[in-house]
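To keep things clear, I will list the structure first and then write my remarks on it.
Here the structure is a predicted model, which means the values were calculated and not measured. Labels below follow one simple rule: chain letters A, B, ... track the order of the sequence lines, proteins then strands, and each chain is numbered from 1.
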There are 2 protein chains.
Amino acid sequence: MPITEDGIYDVALRLIEADGVEALTMRKLAMALNANPMSLYHHVPNKEAVLRGATARVGSRFSTRDPQHLPWQDRLRHMLLDFRELALEHPKLMTYCLGRAEYIQPDDSFWLDLTDVLAAAGLPAEEIPRVAATLCATLTGLMISELTGVVQQWATLPSAPGGGPCPAPTRPDLDAMARFVLNGVLASVENHPARVPEQG
Amino acid sequence: MPITEDGIYDVALRLIEADGVEALTMRKLAMALNANPMSLYHHVPNKEAVLRGATARVGSRFSTRDPQHLPWQDRLRHMLLDFRELALEHPKLMTYCLGRAEYIQPDDSFWLDLTDVLAAAGLPAEEIPRVAATLCATLTGLMISELTGVVQQWATLPSAPGGGPCPAPTRPDLDAMARFVLNGVLASVENHPARVPEQG
DNA sequence: ACCTGAACACCGTTCAAGT
DNA sequence: ACCTGAACACCGTTCAAGT
């Protein structure tokens, strides 16, 4: 079968999730595609573009069926938890791309829905981009920390010099920690000084 | 002058802040040290150790004069803002190490002070490591997003499909956004269900 | 003990040559 | 248009040989 751009991104994504981003090589990628390493350069300008393409492919999988009839709190909750689910499905690539710019774009449904929800929450238009940006930053930290394993490591650390280590958090524990952060985010929006609460 | 382990870390840190982590090379590092590339391996096992050493050197600069007489809210505020200042002083290296494990260790004064503050806030001992872990995760996201420039980019994005872009945030704006996240963190701790508020 | 040159096994990418 | 082999300019690291 011939090489296609999307085929390159798909195989790259598979290799990344198997061995990590740092193990991805143009030569290995070509081998997995049964192609000559140099053939890739006829479909893709360079390695950076491969990583960008794989990232975009994951991003396109984010299908938010944003339930617009629900209260904004529930909509925000769904969005952020959906984002987390997607990140947990592609841990290796997401760990990579959460740490650099450009993984959330202005025309992503995630960004559009997020700003829409914040408008529904009663935030004035000029405040929305900055509040949305801080929410994305918080979400970034939660997911990077969970995906790299630091958060599990921290949660296991002793809280006092003499104390023993805590039991490692299980998946339900991590879910609870994510919801704890989420509740803080919701409270921050609710208490934003410029917010005009919806009447009724 | 002879090569020393600390000298290697210091020069590595300088090169990293000048050109970024990905531009650091054992060969360039040796050149900056006026040494043969292979000489480094007599003082350091490999490149990973160089990055770990440089990271530890930045971490040791975190001098928290934790004002224990202040209310826990003020102590927490100081700690997190001090952390941010340190990160802003070493943006390139911090961007790198915030994205991987092990940059906060159990015997770091940052961790010890953080757990101490949470105890002063009235959190039960068994809850402290997990709350501390989520706070570190939030802080990680804020700083990664600020250092990579995503948060500035997001804050500049239009909030509605028809709307124009917002003005780029200035340093005071970024400070305000950091305080916004900080207030959310404080509120999360204050409202933690297991917290026993201090009397008086 | 410390340094060094040559060498090995890799990279990403260019380019001229093939079909 | 698409593919390919050789080659270039790099990497990190090993190792035998030097002082």
dC8(C): pairing nucleotide in any strand, Watson-Crick or G-U under 3.5 angstrom: dG12(D)
Paired to dC2(C) by Watson-Crick or G-U wobble criteria (both distances under 3.5 Å) is dG18(D)
Measuring only between side-chain heavy atoms, which start at C-beta, is R14(A) closer than 4.5 Å to V11(A)? yes
Rounded to whole Å, please give me the gap between [atom1] in [X] and [atom2] in [N].
X: N34(A); N: dT4(D); atom1: CG; atom2: C1'; answer: 15 Å
X: M38(A); N: dA7(D); atom1: CE; atom2: C1'; answer: 11 Å
X: K28(B); N: dA9(D); atom1: NZ; atom2: C1'; answer: 12 Å
X: N36(B); N: dA17(D); atom1: CG; atom2: P; answer: 18 Å
X: L15(A); N: dC11(C); atom1: CG; atom2: C1'; answer: 16 Å
X: E22(A); N: dG12(D); atom1: CD; atom2: P; answer: 15 Å
X: L51(B); N: dG12(D); atom1: CG; atom2: P; answer: 10 Å
X: M31(B); N: dC3(C); atom1: CE; atom2: P; answer: 18 Å

Shortest side-chain distance from [X], nucleotide among [options]:
X: Y41(B); options: dG5(C), dT13(D), dT13(C); value: dT13(D)
X: S39(B); options: dT4(D), dG5(C), dC3(C); value: dC3(C)
X: R27(B); options: dG5(C), dT13(C), dC11(D); value: dC11(D)
X: K47(A); options: dG12(C), dT13(D), dC2(C); value: dG12(C)
X: H42(B); options: dT4(C), dT13(C), dG12(D); value: dT4(C)

Q152(B) and E146(B): side-chain donor and acceptor closer than 3.5 Å? no
Does Y96(A) have R100(A) sitting over its ring (NZ/CZ under 6.0 Å from centre, angle to axis within 45°)? yes
What orientation do Y103(B) and W154(A) show, parallel under 30°, tilted 30 to 60°, or perpendicular over 60°? perpendicular
Any base atoms under 4.0 Å from [X], or only sugar-phosphate, or nothing? Heavy atoms, all strands.
X: M26(A); answer: sugar-phosphate
X: T25(A); answer: sugar-phosphate
X: L29(B); answer: nothing

For P45(A) and L40(B), find the nucleotide of DNA chain C closest to each by heavy atoms; which residue's nucleotide sits nearer the 5' end? L40(B)
When rounded to the nearest 0.5 Å, the distance separating OG1 of T95(A) from NZ of K92(A) is 8.5 Å
Look at the side-chain N and O atoms of H43(B) and state whether any lies under 4.0 Å from the OP1 or OP2 oxygen of dC3(C). yes
